[in-house]
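Below is one structure, written out as structure tokens, with a few remarks after it.
In what follows, every heavy atom counts, from backbone to side chain, and hydrogens, waters and symmetry copies are set aside.
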There are 2 protein chains.
Amino acid sequence: MNTDTPESATPHRGDGRREAAVETIQREMTAFARRARSAAARMHPELSLVSFTLLGHLEEHPGCRARDLAAHYALDKSTVSRQVAALERAGLVGRRADPADHRVQVLELTSAGAAALDQAAEIRTAMFRGRLADWAGEDLDRFAAYLLRYNGRGGYGEH
Amino acid sequence: MNTDTPESATPHRGDGRREAAVETIQREMTAFARRARSAAARMHPELSLVSFTLLGHLEEHPGCRARDLAAHYALDKSTVSRQVAALERAGLVGRRADPADHRVQVLELTSAGAAALDQAAEIRTAMFRGRLADWAGEDLDRFAAYLLRYNGRGGYGEH
DNA sequence: CATTTAAGTTGTACCATACAACTACCTGCT
DNA sequence: AGCAGGTAGTTGTATGGTACAACTTAAATG
């Protein structure tokens, strides 16, 4: 990584303001991520973060298999197996055997699972909406566009 | 919070575009948080997320106490105690008794701890810098300002 | 058919965490 | 001074999420 460390001794191309903006973005995004984690925990006291994440995945990808979840979230199949079993025990997901391949189990949200997810989404949305309540529409648009631009184009995390 | 649920039946003030922007922001921020979590895990294989967070806190607040960490991150004191003990065992933090109060232990990064943190920060910064490399300075400024505005004013998470 | 490969489960171990009980210490009050 | 009550931190114990390894069942492949 030969990014020649622009912060120390920035002679000519010293766009310190640019650096400062990048650092602010980094700090604030990280702070958000940290807070989101604990907020998620508080939001679903009974559901572990992973359970909830898996549930969300099932909403977006109904009929997916345990191995998809394991691959997508870099979890061991045993972990997924137990999490899915717990979710089934809780009545939030259903499993049925794939007639074409008796090894795989097709996973789906139950209505209770969908309801739990919806309720959580509602709380989360209310939180965001409250936070952004007094923003001008123009700023919302730009902020959304920036986030899309920032996220859109892999490289930072999994996926 | 009487936000009278604007999504269902939005008769006159139905600013759907505004809603869409909020939803995009929510989705993208959440996606970022999710990816950041796994990225952090990949970045510090040897350091747990919490250990790393505590280490970072010690960098910003040298000389703080275990109870500060527990309060700030909503962790039990026993958890902090064990984590700090592990960090000390790893040579990343040092403890010394407060002469004014023999109950408390003043915590500080060791040079090894600071180095580990710096290295991690470097990787992280490189990641952000790469992501934002082709952004115009004006956009960076605005994005940073939006994030500050979004985060700045409690209510979403702890703190 | 036999071997290999794949999907899931179960046994085991480890780590982070919470709660509760405990130690050591400080503070305030009488 | 001395005791009551609170505080900082540790340790015992239990739980939950996770990985790894061994296993089961079934599909694919030779």
Salt bridge (charged side-chain N to carboxylate O under 4.0 Å, His left out) partners of residues 75-91 of chain B, not counting sequence neighbours, each pair once
B:E88-B:R95

In whole angstrom, what separates A:R89's CZ from D:dG16's P?
10 Å

Do A:R149 and B:D139 make a side-chain contact, defined as non-hydrogen atoms from C-beta onward lying under 4.5 Å apart?
yes

Does the plane of the ring in A:H61 sit parallel, tilted or perpendicular to the ring in A:H72? Use 30° and 60° as the thresholds.
tilted

Heavy atom of residues 93-104 of chain B under 4.0 Å from DNA chain C: which residues?
B:D101, B:H102, B:R103

Does anything in residues 78-88 of chain B come within less than 4.0 Å of DNA chain C? Heavy atoms only, and list the residues if so.
B:S78, B:T79, B:R82, B:Q83

Can you check whether B:M29 reaches B:Y150 side chain to side chain, under 4.5 Å on heavy atoms?
yes

Pick base, sugar-phosphate or nothing for A:A71, based on heavy-atom distances below 4.0 Å to the nucleic acid.
nothing

Anything under 30° is parallel, anything over 60° is perpendicular, the rest tilted; go ahead and classify B:Y73 against B:H57.
perpendicular

Close side-chain approach of A:L75 to A:L69, heavy-atom, < 4.5 Å
no

Minimum-distance nucleotide (side-chain atoms of A:D76 versus D:dT10, C:dT17, D:dC20)
D:dC20

Taking NZ, NE, NH1 and NH2 as the nitrogens, is one of them in A:D98 or A:R65 under 4.0 Å from a carboxylate oxygen of the other?
yes

Is a donor from one side chain sitting under 3.5 angstrom from an acceptor on the other, for B:T125 and A:Q26?
yes

Over how many whole Å does the gap from A:K77 atom NZ to C:dG11 atom P extend?
15 Å

Which whole-number value in Å describes the distance from B:L107 CG to D:dA8 C1'?
11 Å

